[in-house]
Each structure stands twice: as C-alpha cells, then as structure tokens.
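First the structure, in the form of structure tokens, and then the observations on it.
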Amino acid sequence: MNNNPTSEKLTFRELINKHKVEIPIIQRDYAQGREGKAAIRTNFLNALLEVINDKKLELDFVYGSVKNSVLQPLDGQQRLTTLFLLHWFVALKENQLDNTLKELLTKFTYETRTSSREFCIDLINKGVVYNEEKNISEQIIDSSWFFLSWKRDPTIKSMLTMLDAIQQTFQNKTEVWDNLNNISFHYIELQNFGLSDDLYIKMNARGKPLTDFENFKAKFEQYVKQNNWENSENPTESFSHQIDTVWTDLFWYYRNEENVFDEQLLNFFRTLALINYTFKAKKDDKFRGIIDLLRSGQNLSFNQYLELGCFDEDYFKTFKIVLNKISDKNGLKTFLSNTTYADEKEIFNGAIKNNLGYAELLKLFALYQHFSNEKDIDEVNLQNWMRIVRNLVEAHRLYYDNANTFADSLVFFSKLIPYRNNIVEYFRDTVNPEDKGFPKFIIEEEKLKANLILQNDDWKNAIIEIENHGYFNGQIGFILDWCKDENGIYNTDKFKEYAEKAKAVFSNDGLKNFENFLFERALLAQEIIC
C-alpha cells in the first residue's frame with residue numbers, strides 16, 4: 001500500500017477520461033440541491049460562474065479508491081455531481097452534446113440507487129430539446145423517458161433543483177463550455193486502500209447510513225447478480241430497474257404517513273419467503289418456530305433469510321413475474337371481475353402488512369402461482385382455479401392452527417398447479433381423496449361436484465349459485481346428501497329444491513331469526529321424533 005499518495009491536478013473531463021467515476025452505494029444522496037441549501041447553491045454557482053471570465057478555480061481535494069478502473073470517491077461526491085450537471089447543461093445549451101461527449105459523461109454514475117444511475121444515463125443519452133423559456137427540470141420531467149416515481153428519489157430530486165439553479169445562473173452566458181476547464185481540483189488516488197463499508201462511513205463524516213430497506217435491496221440485487229438469475233435481461237426489465245420504477249409506482253399507493261413504503265415492500269419479500277421456506281424445510285420443532293418467526297413482526301436481516309434458504313431462483317422468478325403482473329401506475333392491477341373466490345386487494349394488503357392467516361396465505365400462493373405460470377391471464381380459467389382453492393381452504397379453515405397443516409395444504413396445491421387451466425376435469429378424473437393435504441370428505445365433495453358440473457350447465461349453475469351463498473362459502477355437501485333419488489342418482493330438481501330451502505333457513509351470517517324460535521322448536525321436535 002502506498003502510504004504517501006501524491007495529488008494530481010485535474011479538470012472534471014480529465015478525471016472521467018482517466019476513470020469511470022461511481023458514487024458508491026454506501027454514500028449519502030446528492031445534497032446540494034436539497035431544500036434549505038439555497039445559499040450553498042448560490043455561493044458555489046457564483047464561484048463557478050467566475051470561470052467564464054477566464055478566472056481559474058480550484059476546488060480542493062477529491063480522493064477515493066480505484067478498483068477495476070472505477071473510482072469510488074471518498075470525498076468530493078457533492079462537487080463532482082454538481083460539475084457533472086453543469087457540464088451536461090452547458091453542453092446541451094451550447095450544442096456540444098455529441099456522441100463522443102455523451103459517451104464520456106456516462107462514465108459518471110451513481111450506485112446509491114438504481115433510479116439515480118438510470119436517471120443519469122437517460123439524462124445524457126435521451127435528454128431534452130432545450131427551451132430557455134421553461135425550467136429545465138420541467139422539461140426533463142415532461143420527457144417520455146422520465147419515470148414519475150423518480151421524483152421521489154432524493155438524489156434525482158436534488159439534481160433537478162440544482163439544474164434549475166444552474167440554468168438560472170448560466171442561461172444568459174455564452175461560450176461557457178471551453179472555460180469549464182478553468183475549474184480543477186487536486187485528485188488523490190488511495191491505492192490498494194481496501195476501504196471497508198464501516199471505515200468508509202467513519203472517514204466520510206457527511207455520509208449517512210442506508211435504511212434497512214436500502215441495505216436489503218442492495219444485497220438482494222447483488223445476490224441476483226452473483227447467481228446470474230437475469231443474465232440476458234433487457235436493462236429496463238431487470239430487478240434493479242423495476243424496483244425503482246414500475247414496482248415503486250405500485251407500492252407508493254400503500255405508503256405510510258411519512259410517504260415511505262419500505263416496510264410494505266419488505267413485508268412482500270417476507271410473505272413470499274415464508275411460503276418458499278415452508279416448501280423446503282422439514283416439519284419439525286425448528287420448522288414450526290421459524291414459521292412463527294417469519295410471520296412475526298421481528299425484523300430479519302438479509303443474511304438470516306439466506307441462512308434459512310428462503311431465496312432461490314424459483315423465489316426470484318415468482319417474485320418478479322408477480323410484481324410485473326400486478327403493478328400498475330394506477331395502483332394494484334387485478335384480474336378477477338368480482339371477489340367471490342379471492343379478493344386480490346385484500347390478499348395484497350395482507351402480504352404487505354405481514355398479517356395473513358394460514359388460509360389467506362394459501363389463497364395468495366394459489367393466486368400468485370397462477371400469475372407466475374401464465375403469460376396472459378384468462379379470467380375464466382383463473383375463476384375456476386380459485387373456486388376450487390376457495391372451497392378447499394374454507395372447508396378446512398378451522399384446522400389451520402399449526403404450521404404442519406398449512407404446509408400439507410401448500411404442498412397439495414403445488415401439485416395441482418400444472419392442471420390449473422383444467423382443474424375441474426382434473427379433480428373429477430385424477431385427484432385421490434386419500435392425498436395428504438385435506439381431509440378425505442372435503443376432497444370427495446369437490447370430486448362429486450366436479451363430476452356433476454361437467455355433466456351439464458344446469459348442474460353447473462345450480463351448484464355454483466348455492467356454493468357462493470355467504471354462509472356456505474363452498475361447502476354444500478349436506479344439500480348433495482339430500483338430493484339423491486331412490487336409485488342413488490343425484491337429481492337436479494331435488495338439489496335446487498333443497499338449495500332454496502337452505503337459503504330460506506340461513507342468511508349470509510348464519511341461521512335466520514324466526515318468530516317465536518320456530519326453527520329451533522321444529523328442529524327439537526324432529527329430534528324427539530327420531
């Protein structure tokens with residue numbers, strides 16, 4: 001290690017010719033454009049303005065560590081970012097922004113957030129047609145390439161503010177471009193320094209720690225890259241791009257009072273991790289304890305998830321496909337026109353609050369597995385699939401008091417996924433009532449209904465109508481028991497008759513109130529006769 005590094009006087013263009021400059025993830029956001037920093041901006045820009053009169057300006061030291069030809073500044077981030085913005089604006093205003101310069105300027109990048117990095121790239125390569133009568137920030141925000149979610153990135157927000165200030169300071173000045181080389185600084189490369197994250201923060205007194213979510217997101221992104229889970233992805237379809245753009249637009253609708261949605265997104269990671277862990281773990285005492293941990297409100301680190309084996313390629317693909325399916329600029333995108341079999345909004349809300357019970361987790365699993373295995377969602381197939389899921393789960397709801405029962409049902413549904421688009425036929429012909437996952441009588445009822453539904457539409461309509469009664473919620477075995485004729489053949493007319501009688505006795509909330517307890521008295525009399 002060189003303990004006595006020497007300084008080198010460089011301009012901004014000379015520095016990015018020498019190295020790619022990357023603001024590391026451990027650095028704080030760009031701050032010179034923040035609210036309350038107007039005086040700092042004004043003073044600094046007025047000092048920079050002096051260079052157009054051929055005055056030389058030195059900006060003290062910029063130093064950092066170089067690895068693989070990439071400079072990560074330890075000190076100088078704020079000044080370098082302002083110089084980057086100034087060079088871009090002046091080049092735009094004076095028609096200097098040719099392909100060669102664009103390629104040079106793209107060597108300055110941000111790693112603090114994917115959105116910051118991509119904003120810088122698009123600013124250079126796509127940019128705007130400059131209109132001096134409008135604020136440059138408005139022109140950028142109105143551009144087709146600008147994601148509205150980027151307005152919530154503190155670095156981008158700060159950059160837009162600084163660009164407006166640069167425009168105000170330099171808009172009436174001409175022939176500024178060549179004079180920008182009058183601005184220099186003393187660059188020191190800390191060779192082979194090997195800065196750790198902890199040391200980086202200690203040495204950079206102005207750095208701020210990342211939030212739990214930012215740390216988690218950064219580590220997850222690194223883990224995806226390490227495992228080559230999206231090698232051939234279009235950059236705009238990558239995890240790092242979508243989590244800062246398309247998915248942010250979705251979760252923004254579920255932000256808290258401080259306009260933060262970190263906890264909601266972390267809980268979505270957590271909910272899918274719980275399901276993935278359940279598949280892979282042994283059903284022993286440790287298994288049940290970890291399920292309880294994952295369902296609790298206790299914070300978990302990224303490394304804890306890794307130690308539990310929650311994250312693998314299947315998890316990642318499901319997570320990504322599902323979020324792409326349900327994300328929309330107007331909030332959550334849903335696919336069922338009614339909520340009879342699954343309330344997609346309630347399921348998503350439960351996932352981001354980490355408060356779903358076992359029954360609702362099973363519905364989430366079935367719904368999201370359908371999404372992740374279908375390119376285009378057919379609502380009829382989805383309804384048929386979720387009808388079977390609803391019937392099984394609701395019939396078994398009272399049994400979901402432990403993790404093992406939940407795991408058995410989860411595995412049972414996973415075996416049905418390949419047959420989701422012909423689930424009624426599959427239940428009639430193939431499903432074994434002895435299969436572990438649900439009690440035999442529940443499976444037998446669904447097999448019987450599947451057989452009758454496939455006979456004709458008269459049976460289908462009659463069964464589905466009474467199934468969807470608010471109190472029965474899919475469980476109509478008692479009506480089926482009454483509608484056999486003397487030869488043991490199920491009779492449609494009898495079924496409809498008893499379905500109407502059942503509706504006359506039960507409301508959506510349970511037994512109806514009869515005057516003078518007429519029903520209860522009749523029931524007691526019937527039992528005495530028996």
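Using modelled atom types, one finds no donor on one side chain facing an acceptor on the other under 3.5 Å when comparing Ser137 with Asn135. Side-chain contact, Ser65 with Gln72: no donor N or O sits under 3.5 Å from an acceptor N or O. Judged purely by distance below 3.5 Å, without hydrogens or angles, the side chains of Arg13 and Asn181 pair a donor atom with an acceptor atom. Glu379 and Ser337 form a side-chain donor-acceptor contact under 3.5 Å, judged by distance and modelled atom types alone. Of the N and O atoms on the side chains of Gln242 and Asn324, at least one donor lies less than 3.5 Å from an acceptor on the other residue. Checked by atom type, the side-chain pair Glu374/Asn421 shows a donor-acceptor distance below 3.5 Å. Counted by atom type alone, Gln77 and Tyr110 present one or more donor-acceptor pairs between their side chains at under 3.5 Å. With hydrogens and angles left out, the side-chain atoms of Glu8 and His186 include no donor and acceptor closer than 3.5 Å. Side-chain contact annotation: Ser116 with Tyr30, donor-acceptor N/O pair under 3.5 Å absent. In this structure, a donor-acceptor pair under 3.5 Å is present between the side chains of Lys56 and Asn182.
With rounding to the nearest 0.5 Å, the separation of CD in Gln139 from CG in Leu160 is 11.5 Å. Of the inter-residue distances, the one linking Lys320 atom NZ with Ile243 atom CD1 reads 11.0 Å to the nearest 0.5 angstrom. Going from atom NZ of Lys375 over to atom CD1 of Ile321 covers 12.0 Å, rounded to the nearest 0.5 Å.
Without hydrogens or angle criteria, Arg117 side chain to Thr114 main chain gives no donor-acceptor distance under 3.5 Å. Side-chain N or O atoms of Gln167 include one that pairs as donor or acceptor with a backbone N or O of Ile136 at under 3.5 Å. A side-chain donor-acceptor contact under 3.5 Å links Asn354 to the backbone of Ser296. A donor-acceptor contact shorter than 3.5 Å is absent between the side chain of Lys317 and the backbone of Ser372. A donor-acceptor pair is defined here as one N or O able to donate and one able to accept, closer than 3.5 Å; such a pair exists between the side chain of Gln304 and the backbone of Ser301. Between the side chain of Glu22 and the backbone N or O of Leu71, no donor-acceptor pair lies under 3.5 Å. For Asn43 (side chain) and Ala39 (main-chain N/O), a donor-acceptor pair under 3.5 Å exists by modelled atom type. Put simply, the side chain of Asp378 gets close to the backbone of Val380: a donor and an acceptor are under 3.5 Å apart. One N or O on the side chain of Ser158 and one on the backbone of Gly33 form a donor-acceptor pair closer than 3.5 Å. Side-chain atoms of Gln298 never come within 3.5 Å of backbone atoms of Leu293 as a donor-acceptor pair (strictly under, hydrogens ignored).
Side-chain contact between Ile326 and Val322 is present, with heavy atoms from C-beta onward closer than 4.5 Å. Counting heavy atoms from C-beta on, the side chains of Ile23 and Pro73 come closer than 4.5 Å. Using a 4.5 Å heavy-atom threshold, the side chains of Thr42 and Leu45 count as separate. Looking only at side-chain heavy atoms (C-beta outward), Leu15 and Leu83 stay at 4.5 Å or farther from each other. The shortest side-chain heavy-atom distance between Leu180 and Val90 falls under the 4.5 Å cut-off. Here the side chains of Ile347 and Asp343 are not in contact, with every heavy-atom distance at 4.5 Å or above. Side-chain contact between Leu274 and Leu361 is present, with at least one heavy-atom pair separated by less than 4.5 Å. Looking at Lys107 and Val21, their side chains never come closer than 4.5 Å, going by heavy atoms from C-beta outward.
When Trp229, Tyr315, Phe316 are each tested for a ring-ring contact (aromatic ring centres under 6.0 Å, His included) with Tyr223, only one passes: Trp229. Lys280 pairs with exactly one of Leu308, Asp312, Asp314 by the side-chain contact (heavy atoms from CB on, under 4.5 Å) rule, that one being Asp312. The salt bridge (charged side-chain N to carboxylate O under 4.0 Å, His left out) test with Arg152 singles out one residue from Asp244, Asp249, Asp262, and that residue is Asp249. Ser115 pairs in a side-chain hydrogen bond (donor to acceptor under 3.5 Å, both in side chains) with only one of the listed residues (Asp153, Thr245, Thr155), which is Asp153.
Taking a 6.0 Å sphere around CD of Glu313, one finds it holds more than 12 heavy atoms contributed by other residues, nucleotides or ligands. Environment of NZ in Lys325: crowded, with over 12 heavy atoms of neighbouring residues, nucleotides or ligands closer than 6.0 Å.
Taking the six-membered ring for Trp and thresholds of 30 and 60 degrees, Phe269 and Phe220 have ring planes more than 60 degrees apart, a perpendicular arrangement. Between Phe239 and Phe319, the angle of the ring planes lies from 30° to 60°, which puts this pair in the tilted group. Between His87 and Trp177, the ring planes lie perpendicular to each other; the angle is over 60°, past the 30° to 60° tilted range.
Using a 4.0 Å cut-off between charged side-chain N and carboxylate O, Lys9 and Glu14 make no salt bridge. Salt bridge annotation for Glu221-Lys225: present, with a cationic side-chain nitrogen under 4.0 angstrom from a carboxylate oxygen.
Ring pair Phe108/Phe84: centre-to-centre distance below 6.0 Å. A centroid separation of less than 6.0 Å is found between the aromatic rings of Phe365 and Phe279. Checked against a 6.0 Å centroid threshold, the rings of Phe251 and Phe348 count as neighbours. A ring-centre distance under 6.0 Å is found for Phe146 and Trp150. Between Tyr277 and Tyr305, the ring center distance fails the sub-6.0 Å criterion. Residues His370 and Phe413 keep their aromatic ring centres 6.0 Å or farther apart. Under the 6.0 Å cut-off for aromatic ring centres, Phe311 and Phe302 qualify, their centroids lying closer than that.
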| Verdict with supporting geometry, Tyr253 and Phe261, ring-ring contact (aromatic ring centres under 6.0 Å, His included) | CA-CA 9 Å; Tyr253 283 87; Phe261 52 82; over 10 Å; no
| What do the steps show when you test Thr82 against Gln32 for side-chain hydrogen bond (donor to acceptor under 3.5 Å, both in side chains), and what is the final call? | CA-CA 8 Å; Thr82 299; Gln32 287 189 352; 2.4 Å; yes
| task | Assess whether ring-ring contact (aromatic ring centres under 6.0 Å, His included) is satisfied between Tyr341 and Trp385, documenting all intermediate values. | result | CA-CA 9 Å; Tyr341 303 127; Trp385 167 244; over 10 Å; no
| task | Show your working on side-chain hydrogen bond (donor to acceptor under 3.5 Å, both in side chains) between Thr340 and Asn338 and close with a plain yes or no. | result | CA-CA 6 Å; Thr340 302; Asn338 61 65; 2.9 Å; yes
| Going through the checks in order, is the salt bridge (charged side-chain N to carboxylate O under 4.0 Å, His left out) test met by Glu360 and Arg397? | CA-CA 10 Å; Glu360 283 66 39; Arg397 179 178 284 274; 2.7 Å; yes
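Both the sub-6.0 Å distance and the 45° axial angle are satisfied by Arg295 relative to the ring of Tyr358.
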